[in-house]
Amino acid sequence: MLNIILFGAPGCGKGTQAAMIKEKYNINHISTGEVIRGEIARGTELGKSMQSYIEAGQLAPDYIVIGMIRNYMKEHKDAAGNIFDGFPRTTAQAEAFDEILAEDGESVSVMIYMDVPEEELVKRILLRGKDSGRADDASEDVIRNRIAVYREQTEIVAEHYTKQGKYVAVDGVGSMEEVFGRISAAIDAAK
């Protein structure tokens, strides 16, 4: 089974690239946000716990997020593979994720980091903000803070997969097709 972690700062194009990867490799795209919304919609215990944190404006503890991913993996054991977008975000999540996969004799195939310079990220998000209507896409200060927080979290998780020889950085600047070509080459090398 192909298990890909797709990482990149806000505005790097993960969503676009994940859709292309999903289609080319016929694998699932697992967005942490979608998994969370699904658990909440189904009214599961984890979903109820998550809802309380969301309503309080707090990040959920690792054990809740890990539990949701564990449930998702159990429900999708027959998949050819998965792209994980937005997970894991902490070293504790990465370690737990490795254990979840190992229970089924699986592991992370590759962690792909889409590297885009900060100025380009800010430009892309401000442009997106004109259409999205999201307040956090319209303020340069908020955008820069989001990027800084993301980089702090990512470096830690990237280190975890670097030690395993599974971290690959790709240049995230260029046309969608050029970036997709670089990502596909990293995936093919990890198969």
Visitor: The criterion is ring-ring contact (aromatic ring centres under 6.0 Å, His included); which residues satisfy it with Tyr113, sequence neighbours excluded?
Guide: none
Visitor: I'd like to check the side-chain hydrogen bond (donor to acceptor under 3.5 Å, both in side chains) partners of Glu118; sequence neighbours left out, ordered by chain and number.
Guide: Arg144
Visitor: Are Ile21 and Val108 connected in a single hydrophobic cluster, I mean Ile/Leu/Val/Met/Phe/Trp/Tyr linked by side-chain heavy atoms less than 4.5 Å apart?
Guide: no
Visitor: Does any N or O in the side chain of Gln164 come within less than 3.5 Å of the main-chain N or O of Glu159, such that one atom is a donor and the other an acceptor?
Guide: no
Visitor: Above 12 or not: heavy atoms from other molecules or residues under 6.0 Å from CG of Asn26?
Guide: no
Visitor: Residues sharing Ile147's hydrophobic cluster, by side-chain heavy-atom contacts under 4.5 Å among ILVMFWY, directly or via others?
Guide: Val116, Leu121, Val122, Ile125, Leu126, Ile143, Val173
Visitor: Phe7: which residues meet the ring-ring contact (aromatic ring centres under 6.0 Å, His included) condition with it, sequence neighbours left out?
Guide: none
Visitor: Within a 6.0 Å radius of atom CD on Glu75, are there more than 12 heavy atoms belonging to other residues, nucleotides or ligands?
Guide: yes
Visitor: Mind checking salt bridge (Lys or Arg N to Asp or Glu O under 4.0 Å) for Lys130 and listing every partner two or more places apart, or none if nothing turns up?
Guide: none
Visitor: Would you compute the distance between atom CD of Glu39 and atom CD of Glu45 and round it to the nearest 0.5 angstrom?
Guide: 10.5 Å
Visitor: Under the criterion side chain to side chain contact (heavy atoms under 4.5 Å, CB included), I'd like the reasoning laid out for Thr44 against Lys48: C-alpha separation, chi angles, the key distance, then a yes or no.
Guide: CA-CA 6 Å; Thr44 66; Lys48 291 174 187 172; over 6 Å; no
Visitor: For a quick test of reading the model, state the closest non-hydrogen atom pair linking Ser107 to Leu101 and the distance between them.
Guide: C-CD1, 3.6 Å
Visitor: For residues Ala158 and Tyr167, report the shortest heavy-atom separation together with the two atoms involved.
Guide: CB-CE1, 3.4 Å
Visitor: Mind checking side-chain hydrogen bond (donor to acceptor under 3.5 Å, both in side chains) for Arg182 and listing every partner two or more places apart, or none if nothing turns up?
Guide: none
Visitor: For salt bridge (Lys or Arg N to Asp or Glu O under 4.0 Å), just list the numbers for Arg124 and Glu120, CA-CA rounded to whole Å, side-chain angles, deciding distance to a tenth of an Å, and then say yes or no.
Guide: CA-CA 6 Å; Arg124 290 180 186 183; Glu120 177 68 16; 3.0 Å; yes
Visitor: Using side-chain hydrogen bond (donor to acceptor under 3.5 Å, both in side chains) as the criterion, list what pairs up with Glu103, not counting sequence neighbours.
Guide: Arg70
Visitor: Treating Ile, Leu, Val, Met, Phe, Trp and Tyr as nodes and any side-chain heavy-atom pair under 4.5 angstrom as an edge, say whether Met1 and Ile69 lie in one connected cluster.
Guide: no
Visitor: Taking 4.0 angstrom as the limit, do Lys123 and Glu119 come out as a salt bridge?
Guide: no
Visitor: Just to verify, what does Tyr72 make a ring-ring contact (aromatic ring centres under 6.0 Å, His included) with, not counting sequence neighbours?
Guide: His76
Visitor: Go through it in stages, so that I can follow the logic: the residues are Met111 and Val157, the test is side chain to side chain contact (heavy atoms under 4.5 Å, CB included), and I'd like the CA-CA distance, side-chain angles, deciding distance and then a yes or no.
Guide: CA-CA 10 Å; Met111 176 198 200; Val157 177; 3.9 Å; yes
Visitor: Got a sec, which pairs hit side-chain hydrogen bond (donor to acceptor under 3.5 Å, both in side chains) with one end in residues 81-90, sequence neighbours left out?
Guide: Asn3-Asn82, Asn28-Asn82, His29-Asp85, Asp62-Thr90
Visitor: For Tyr161, check side-chain hydrogen bond (donor to acceptor under 3.5 Å, both in side chains) against everything at least two apart and list the hits.
Guide: Asp98
Visitor: Minimum heavy-atom separation for Ala96 to Ile66, with atom names?
Guide: CB-CD1, 3.4 Å
Visitor: Shortest non-hydrogen contact from Ile5 to Pro88?
Guide: CD1-CD, 3.6 Å
Visitor: So which atom in Lys22 and which in Ile27 form the shortest heavy-atom distance, rounded to 0.1 Å?
Guide: CG-O, 2.9 Å
Visitor: Sorted by first residue and then second, give each ring-ring contact (aromatic ring centres under 6.0 Å, His included) pair with at least one member in residues 87-106; sequence neighbours left out.
Guide: Phe84-Phe97, Phe87-Phe97
Visitor: Do any side-chain atoms of residues 183-191 form donor-acceptor pairs under 3.5 angstrom with protein atoms, and if so which ones, sequence neighbours left out?
Guide:
| unit_1 | atom_1 | unit_2 | atom_2 | d |
| --- | --- | --- | --- | --- |
| Ser184 | OG | Lys24 | NZ | 3.4 |
| Ser184 | OG | Phe180 | O | 3.0 |
| Asp188 | OD1 | Tyr25 | OH | 2.8 |

Visitor: Distance-only, no hydrogens or angles: does the Glu178 side chain make a donor-acceptor pair with backbone N or O of Ser175 under 3.5 Å?
Guide: yes
Visitor: Which pair of heavy atoms, one from Ser109 and one from Lys166, lies closest together, and at what distance?
Guide: O-CG, 4.1 Å
Visitor: For Met68 and Met50: C-alpha separation, side-chain torsions, deciding distance, then whether side chain to side chain contact (heavy atoms under 4.5 Å, CB included) applies.
Guide: CA-CA 10 Å; Met68 289 183 173; Met50 182 63 82; 3.5 Å; yes
